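Hydrogens, waters and symmetry mates play no part in the numbers below; they use all other heavy atoms, side chains included. For clarity, every value in this text was computed on a predicted model and none was experimentally measured.
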Amino acid sequence: QVQLVEFGGGLVQAGDSLRLSCAASGGALSSYAMGWFRQAPGKEREFVAAMSRSGLDTYCSDSVKGRCTIDRDNGENTVYLHMNSLKPEDTAIYYCAAGDGSWLRVKEFEYAYWGQGTQVTVSS
């Protein structure tokens, strides 16, 4: 069973860029469709970005579109979420998730494996 660990969060200023990493053990991330979600204080967890198993298809939510890239380094067995022009409303705990199957998916229930999350705080 694949295990996921996120890191790279922290306190940043509005307008900054950030790269979050999702490292895996117990399985190759190239065998899974991957996604990133976030949960802000007092809010439900929401979809941020996803990629298909092949990596050829990627998608970012409307809330981060134009500021978001998701990619994968197979050699490092790590998936990345790159975000730029960060805003205070991007403050949240960010989670990566892996799903069986090849297709890109945006719903939480389609992901079987989750990391513990990493906190991102954007100050104004």
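- Between A49 and L81, the shortest heavy-atom distance links the atoms CB-CD1, 3.9 Å.
- L18 has its side chain within reach of L86: a pair of non-hydrogen atoms, C-beta onward, lies under 4.5 Å apart.
- Cluster partners of W103, using a side-chain heavy-atom cutoff of under 4.5 Å among ILVMFWY residues and allowing indirect links: none.
- For residues 65-124, the disulfide bond (SG atoms under 2.5 Å apart) pairs, not counting sequence neighbours, are C22-C96, C60-C68.
- Closest of all the heavy-atom pairs between S17 and N84 is OG-CB, 3.3 Å.
- For I93, the side chain to side chain contact (heavy atoms under 4.5 Å, CB included) criterion is met by Y95, Q119, not counting sequence neighbours.
- Between Y113 and L4, the shortest heavy-atom contact is O-CD1, 3.6 Å.
- In this view, F37 and F47, Y111, W114 satisfy the ring pair (Phe, Tyr, Trp, His ring centres under 6.0 Å) rule, not counting sequence neighbours.
- Looking only at side-chain heavy atoms (C-beta outward), V2 and L29 come within less than 4.5 Å of each other.
- Put simply, OG1 on T118 and CZ on F7 are 9.5 Å apart, with the number rounded to the nearest 0.5 Å.
- Using modelled atom types, no side-chain atom of N74 and backbone atom of N77 make a donor-acceptor pair closer than 3.5 Å.
- Among residues at least two apart or in separate chains, there is no salt bridge (charged side-chain N to carboxylate O under 4.0 Å, His left out) pair with a member in residues 47-60.
- Among residue pairs with one or both ends in residues 37-50, those qualifying as salt bridge (charged side-chain N to carboxylate O under 4.0 Å, His left out) are R38-E46, R38-D90, R45-E108; sequence neighbours excluded.
- No side-chain donor-acceptor contact under 3.5 Å links S21 to the backbone of G8.
- Side-chain atoms of D73 and D71, non-hydrogen and from C-beta on, never get closer than 4.5 Å to each other.
- In this structure, Q116 places its CD atom where only 12 or fewer heavy-atom neighbours from other residues, nucleotides or ligands lie under 6.0 Å away.
- One distance of note links OG of S124 with CD of Q13; it measures 9.5 Å at 0.5 Å rounding.
- Taking all atoms of both residues into account, the shortest heavy-atom contact from G99 to R105 is CA-NH1, 3.5 Å.
- Distance check, rounded to the nearest 0.5 Å: CZ of R67 to NZ of K87 gives 4.5 Å.
- Criterion: ILVMFWY side-chain heavy atoms under 4.5 Å apart, direct or through other members. Under it, L20 and V5 are not part of a common hydrophobic cluster.
- In plain terms, the two heavy atoms of L104 and A50 that are nearest each other are CD1-O, 3.7 Å.
- Between V79 and R72, the shortest heavy-atom distance links the atoms CG2-CG, 3.7 Å.
- In this structure, the separation between CD1 on I70 and OH on Y80 is 12.5 Å, given to the nearest 0.5 Å.
- Neither V106 nor M51 shares a network with the other; the hydrophobic side chains, linked directly or stepwise wherever heavy atoms of I, L, V, M, F, W or Y lie under 4.5 Å apart, form separate groups for each.
- M34 contributes atom CE, which lies 9.5 Å from atom OG1 of T78 (distance to the nearest 0.5 angstrom).
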